[in-house]
J.: 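Structure incoming, see below.
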Amino acid sequence: MPEISRRTFGGLVGGGAVTAVATTAATATDAAAVPAEQPFRARPSGAAAGRRPNILVILGDDLGWADLSSYGAPHIRTPHLDRLARQGVRFTDAYSGSATCSPTRFSLYTGRYPGRTPGGLAEPIANKAQGLDPNHPTLASLLKKAGYSTALIGKWHCGWLPDHSPTKSGWDEFFGNFGGVLEYFSKLGQLGDYDLYEGDAQYKDLRYYTEVLTERAVEYVGRDHDKPWLLNLNFTTPHWPWLAEDDAETGAEIAAKIRAAKNQGEVSRALNHFDGGSVEKYTQMVESLDAAVGEVLTALRRSGQEENTLVLFASDNGGERYSYNWPLSGEKFVLLEGGIRVPAIVRWPARIDGRQVSHEPNFSPDWTATLLEVGGARPDPAYPLDGTSLAGYLLKGEEPPERDLFWRVRANRALRRGDWKYYRDETGQDHLYNLAADSREQADLASDRPELLAELKAAWERTAATLLPYPTA
């Protein structure tokens with residue numbers, strides 16, 4: 001079969017999302033028409049570099065690749081994120097660093113594969129013995145060393161007190177939850193206890209969690225900062241339990257189950273909310289996330305800092321249950337496209353033009369390397385990055401980096417090289433897909449291209465051999 005370039009692929013798959021933008025976003029903003037996206041091009045090399053930017057990294061939680069109207073969702077209205085995409089670059093082939101919450105956060109915070117560190121082997125972190133080593137360099141600690149103020153607002157999920165905390169890993173300020181999930185009103189979390197903190201002290205607030213985080217983020221970006229800043233804003237939306245702003249009564253029922261739980265399993269079952277939710281409820285949650293982002297971006301504009309703030313919006317992994325992932329297959333927990341391909345939008349008005357789309361593959365550790373470079377921070381040579389900076393591509397028009405994207409989880413393995421993807425499923429069966437022609441991963445070419453399959457498999461094995469082994473118990 002003929003091989004199709006990534007740019008052609010963007011016309012096939014990304015183009016569908018562009019059509020959705022022209023329809024859904026236009027309706028959401030009452031615009032008569034939205035000009036079509038153009039293939040990404042960096043500004044001319046003569047563009048002034050200017051000051052180092054503020055950096056705002058916003059993560060949705062379990063937000064699927066096509067859950068935004070700008071990515072094709074026919075039933076979800078996300079006007080604020082669609083506007084962000086129109087003002088910057090929308091990436092069609094962006095990936096999370098893993099298929100679950102905490103390993104991806106490890107990869108974003110460290111710029112390295114989750115399997116480089118013991119805490120990153122948990123999929124996800126589920127007890128107080130696991131966490132990010134405070135001695136390991138992070139995006140925050142390296143930018144802080146380069147003169148940035150740093151803050152993390154929202155979901156941490158890289159360990160619990162007393163040994164692990166954002167304030168032990170380079171963030172000057174922390175306001176949020178330590179665990180991977182919490183009931184949105186009571187703030188009861190995955191260990192069964194109250195999980196909303198300011199720094200290392202509990203902070204009482206029983207309002208809807210997305211509202212609380214938004215309020216804090218608006219306050220932070222609106223401050224009179226005397227140095228550039230990094231803000232990691234990690235929403236829990238639209239992660240279960242399936243609760244919107246008007247669902248306090250349902251939240252109270254879940255909280256009662258958590259309080260009555262006799263063991264960790266019962267706490268988990270209450271929070272998993274397998275007896276609740278719907279497509280309509282999920283839509284409410286995504287639209288709530290969109291509104292929250294809109295409030296933060298409005299505060300940024302009013303503060304006068306919008307022009308020189310680099311905003312990165314993404315998700316920590318693919319969606320699940322009620323998420324809209326079409327045409328991808330798979331969901332959170334697996335390394336099929338639906339489990340790891342995520343929406344990603346970058347806006348930096350001072351340096352990057354808007355209304356653009358990029359089909360270049362990238363994943364979470366690449367953004368770590370990119371943000372460190374634009375912030376003038378140097379990686380620690382004792383902890384070499386696995387990500388590759390996209391700064392040259394975005395700002396200078398350099399050719400995008402050619403390299404493999406690698407993933408390893410207990411049940412799956414995957415590697416992407418150009419349009420080709422090697423995937424091993426939970427049964428141990430190896431597969432080969434051409435994502436340009438088959439983004440849904442249904443046409444297995446393993447028997448047609450055995451040499452290529454062997455080549456990609458060997459590349460995966462070489463990288464995997466450099467990682468820590470999974471614990472056997």
Side-chain angles (χ1 to χ4, degrees), residues 53-63 68 78 80-81 83-85 87-88 96 101-102 104-105 108-109 138-140 143-144 148-158 165-167 169-182 184 195-199 203 205 207-223 225 228-239 285-303 305-306 309-317 342-348 364 367-368 371 375:
N54 303 314
I55 298 171
L56 172 58
V57 181
I58 307 174
L59 283 187
D61 198 352
D62 290 3
L63 181 74
L68 307 182
T78 53
H80 302 288
L81 285 164
R83 185 180 305 112
L84 184 71
Q87 294 170 339
S96 56
C101 302
S102 50
T104 290
R105 293 163 201 273
L108 177 63
Y109 298 155
T138 64
L139 173 66
L143 284 172
K144 183 176 179 178
Y148 275 69
S149 298
T150 59
L152 191 149
I153 296 174
K155 176 173 169 176
W156 165 239
H157 206 186
C158 287
S165 171
T167 57
S169 290
W171 283 270
D172 297 319
E173 302 178 35
F174 169 57
F175 179 85
N177 59 304
F178 283 99
V181 58
L182 81 175
Y184 281 77
D195 191 15
L196 175 57
Y197 285 76
E198 184 171 38
Y203 185 93
D205 194 325
R207 293 176 296 159
Y208 187 66
Y209 194 35
T210 306
E211 177 186 353
V212 175
L213 295 181
T214 303
E215 185 178 276
R216 276 299 176 117
V218 165
E219 186 277 328
Y220 186 86
V221 302
R223 291 181 193 172
H225 295 274
W229 47 264
L230 163 73
L231 171 59
N232 288 93
L233 176 54
N234 299 343
F235 288 101
T236 56
T237 319
H239 193 294
M285 296 181 75
V286 176
E287 293 182 351
S288 171
L289 170 65
D290 178 73
V293 173
E295 287 190 49
V296 175
L297 296 179
T298 296
L300 181 66
R301 182 175 68 252
R302 289 174 175 168
S303 74
Q305 301 172 93
E306 180 180 71
T309 297
L310 189 160
V311 179
L312 167 64
F313 175 86
S315 178
D316 62 344
N317 46 250
V342 296
I345 300 167
V346 170
R347 185 189 75 180
W348 185 7
S364 303
W367 294 113
T368 316
L371 299 178

J.: With sequence neighbours excluded, what pairs up with Thr150 under the side-chain hydrogen bond (donor to acceptor under 3.5 Å, both in side chains) test?
T.: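 Once residues adjacent in sequence are excluded, the partners of Thr150 under the side-chain hydrogen bond (donor to acceptor under 3.5 Å, both in side chains) criterion are Asp172.
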
J.: Do Val311 and Leu300 make a side-chain contact, defined as non-hydrogen atoms from C-beta onward lying under 4.5 Å apart?
T.: yes

J.: Side-chain contact test, heavy atoms from C-beta onward, threshold under 4.5 Å: evaluate it for His157 versus Asn234 and give yes or no.
T.: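 Contact flag for His157/Asn234 side chains = no.
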
J.: Give a yes or no answer on whether the side chain of Tyr109 reaches the backbone of Pro166 with a donor-acceptor pair at less than 3.5 Å.
T.: no

J.: Taking only Lys NZ, Arg NE, NH1 and NH2, and the carboxylate oxygens of Asp or Glu, determine whether Arg83 and Asp290 approach each other closer than 4.0 Å.
T.: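 No, this pair does not count.
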
J.: Tell me the closest heavy-atom pair linking Leu108 and Ser364, and the distance in Å.
T.: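 That closest heavy-atom pairing would be CD1-O, 3.9 Å.
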
J.: Taking Arg347's backbone N and O only, do any of them form a donor-acceptor pair with Gln87's side chain (distance below 3.5 Å, no angle check)?
T.: no

J.: Do you know which two heavy atoms are closest between Pro343 and Leu68, and how far apart they sit?
T.: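 In this case the closest contact between Pro343 and Leu68 is CB-CD1, 4.1 Å.
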
J.: Go through the structure and list residues passing salt bridge (Lys or Arg N to Asp or Glu O under 4.0 Å) with Arg223, not counting sequence neighbours.
T.: Glu173, Glu219

J.: From Leu312 CG over to Leu233 CG, what is the distance, rounded to the nearest 0.5 angstrom?
T.: 11.5 Å

J.: Taking side chain as C-beta onward, heavy atoms only, is Pro53 less than 4.5 Å from Thr309?
T.: no

J.: Calculate, to the nearest 0.5 Å, the distance between atoms CD and CD1 belonging to Glu198 and Ile153 respectively.
T.: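 It is 10.0 Å, given to the nearest 0.5 Å.
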
J.: Could you go step by step and tell me if Val286 and Leu63 meet the side chain to side chain contact (heavy atoms under 4.5 Å, CB included) rule?
T.: CA-CA 8 Å; Val286 176; Leu63 181 74; 4.0 Å; yes

J.: Report yes if some heavy atom in the side chain of Asp62 is under 4.5 Å from a heavy atom in the side chain of Cys101; otherwise report no.
T.: yes

J.: Do the ring planes of Tyr220 and Trp229 sit parallel (below 30°), tilted (30 to 60°) or perpendicular (above 60°)?
T.: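 Tyr220 and Trp229: perpendicular rings.
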
J.: Do Asn177 and Tyr209 pass the side-chain hydrogen bond (donor to acceptor under 3.5 Å, both in side chains) test, and can you show the C-alpha distance, the side-chain angles, and the key distance before you say yes or no?
T.: CA-CA 10 Å; Asn177 59 304; Tyr209 194 35; 2.8 Å; yes

J.: How far does CG of Leu84 sit from CD1 of Ile345, to the nearest 0.5 angstrom?
T.: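 Between atom CG of Leu84 and atom CD1 of Ile345 there are 5.0 Å.
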
J.: Find the distance between OG (Ser315) and CD1 (Ile58) and round it off to the nearest 0.5 Å.
T.: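 One gets 12.5 Å once the value is rounded to the nearest 0.5 Å.
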
J.: Take the angle between the ring planes of Trp156 and Trp171 and call it parallel below 30°, perpendicular above 60°, tilted in between.
T.: perpendicular

J.: Kindly say whether the aromatic ring centers of Phe174 and Tyr197 come within a distance under 6.0 Å.
T.: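 No, ring centres 6.0 Å or more apart.
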
J.: Give a yes or no on this: more than 12 heavy atoms of other residues, nucleotides or ligands lie within 6.0 Å of atom CZ of Arg207.
T.: yes

J.: Could you go through Lys155 and Asp61, starting from their C-alpha distance and side-chain angles, then the distance that decides it, and tell me whether this counts as side chain to side chain contact (heavy atoms under 4.5 Å, CB included)?
T.: CA-CA 9 Å; Lys155 176 173 169 176; Asp61 198 352; 2.7 Å; yes

J.: Identify the heavy atoms of Phe313 and Gly60 that sit nearest to each other, and give their distance.
T.: CE1-N, 4.3 Å

J.: Decide yes or no for Leu231 and Val296: does some side-chain heavy atom of the first lie under 4.5 Å from some side-chain heavy atom of the second?
T.: no

J.: Show your reasoning for whether side chain to side chain contact (heavy atoms under 4.5 Å, CB included) applies to Trp367 and Leu139.
T.: CA-CA 10 Å; Trp367 294 113; Leu139 173 66; over 6 Å; no

J.: Any idea which heavy atoms bring Arg105 and Asp316 closest together, and the distance?
T.: NH2-OD2, 2.8 Å

J.: Would you indicate whether the side-chain heavy atoms of Phe175 and Leu196 approach each other to under 4.5 Å?
T.: yes

J.: Say whether Thr210 and Thr237, considering side chains only, have a donor N or O and an acceptor N or O under 3.5 Å apart.
T.: yes

J.: List the atom of Ser169, the atom of Thr138, and the distance in Å for their closest heavy-atom pair.
T.: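 So the minimum-distance heavy-atom pair works out to O-OG1, 2.6 Å.
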
J.: For Val212 and Tyr203, run side chain to side chain contact (heavy atoms under 4.5 Å, CB included): C-alpha distance rounded to whole Å, both residues' side-chain angles, the deciding distance at 0.1 Å, then the answer.
T.: CA-CA 11 Å; Val212 175; Tyr203 185 93; 5.6 Å; no

J.: Which heavy atom of Phe178 sits nearest a heavy atom of Gly199, and at what distance?
T.: CZ-O, 4.1 Å

